[in-house]
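Counting from 1, the numbers follow the sequence of the chain as shown.
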Amino acid sequence: MRRLVFLLAFSASLSFTVFASPAGDQAIIDLAMANVACAAVQRVNPEAVDSTYNNYFGDSVYLYQKFHNITEEKSEQNQKGFYNILTSERAIKAQSLNSVAGATKYLSQYLVKTDAGSCNELKQAANRVLAKNNEKLL
């Protein structure tokens, strides 16, 4: 009986591996949220992000769409709402986003959940995760 349970569990894990998709992958949502945070901080305090890359928001929309398996329009709507909250005057003040130290500390809450040490490394980290499904950011 134990062997049967083990074999069933083992075969189930193989089937999940074969049919893996980005939907529900925690790494994808962590990268999506880190990207939208970088986009917001870049708007509020560009010095804190220190990057010329200007598609953090677009990357966040794509990753959020993949995680939730929703349309691009719905993903953009949801991420835009979060972005608007992050760039509101109250959020800027509460998180001290106007100072480089405050913005860096804020971003670290998101970056720590990814393989990226900074906003500059997010695209590479996302592409490593997406490569499991033969996808990548543009």
Legend entry - Student check: side-chain heavy atoms of D25 and K132 closer than 4.5 Å: yes
Legend entry - CD1-CG distance between I70 and N78, expressed to the nearest 0.5 angstrom: 5.0 Å
Inset, instruction - Identify the residue among T114, N127, L63 that makes a side-chain contact (heavy atoms from CB on, under 4.5 Å) with L122. - result: T114
Legend entry - Nearest-0.5 Å distance, CG of residue L130 to CG of residue L31: 8.0 Å
Legend entry - Distance (rounded to the nearest 0.5 Å) between D30 CG and N35 CG: 11.5 Å
Legend entry - Test applied, side-chain contact (heavy atoms from CB on, under 4.5 Å); reference residue, Y56; option that passes from V49, V41, V36: V49
Legend entry - Separation of Q65 CD from S60 OG (nearest 0.5 Å): 11.0 Å
Legend entry - K74 and T71, any side-chain heavy atoms less than 4.5 Å apart: yes
Inset, instruction - Report the C-alpha separation of D115 and Q124 in whole Å, then their side-chain angles, then the decisive distance to 0.1 Å, and conclude whether the side-chain contact (heavy atoms from CB on, under 4.5 Å) test is met. - result: CA-CA 9 Å; D115 267 351; Q124 292 171 337; over 6 Å; no
Inset, instruction - Verify, without hydrogens or angle tests, whether Q42 (side chain) and Y53 (backbone) share a donor-acceptor contact under 3.5 angstrom. - result: yes
Inset, instruction - Compare every heavy atom of I29 with every heavy atom of H68, then report the nearest pair and how far apart it is. - result: NE2-CD1, 3.9 Å
Legend entry - Pairwise distance NZ(K93) to OG(S88) - rounded to 0.5 angstrom: 12.0 Å
Inset, instruction - Say whether, by atom type as modelled, one donor and one acceptor occur between the side chain of N133 and the main chain of E135 under 3.5 angstrom. - result: no
Inset, instruction - Kindly work out whether a path of hydrophobic side-chain contacts (I/L/V/M/F/W/Y, heavy atoms less than 4.5 Å apart) joins I92 to V100. - result: no
Legend entry - Note, L138 side chain near N55 side chain (heavy atom, < 4.5 Å): no
Inset, instruction - Specify the closest pair of heavy atoms between S118 and L111, including all atoms of both residues, with the distance to one decimal. - result: CA-CD1, 3.6 Å
Legend entry - Listed once per pair and sorted, the side-chain hydrogen bond (donor to acceptor under 3.5 Å, both in side chains) pairs that draw on residues 99-111, sequence neighbours left out: Y106-Y110
Legend entry - Side-chain heavy atoms of Q79 within contact of M33, under 4.5 Å: yes
Legend entry - The single option from Y62, Y64, F57 passing side-chain contact (heavy atoms from CB on, under 4.5 Å) against E76: F57
Legend entry - Distance (rounded to the nearest 0.5 Å) between L107 CG and C119 SG: 4.5 Å
Legend entry - Heavy-atom check, side chain of R43 versus side chain of Y83, under 4.5 Å: yes
Inset, instruction - Determine, step by step, whether N45 and L97 satisfy the side-chain contact (heavy atoms from CB on, under 4.5 Å) criterion, reporting the C-alpha distance in whole Å, the side-chain angles of both residues, the deciding distance to 0.1 Å, and the verdict. - result: CA-CA 7 Å; N45 191 343; L97 298 181; 5.6 Å; no
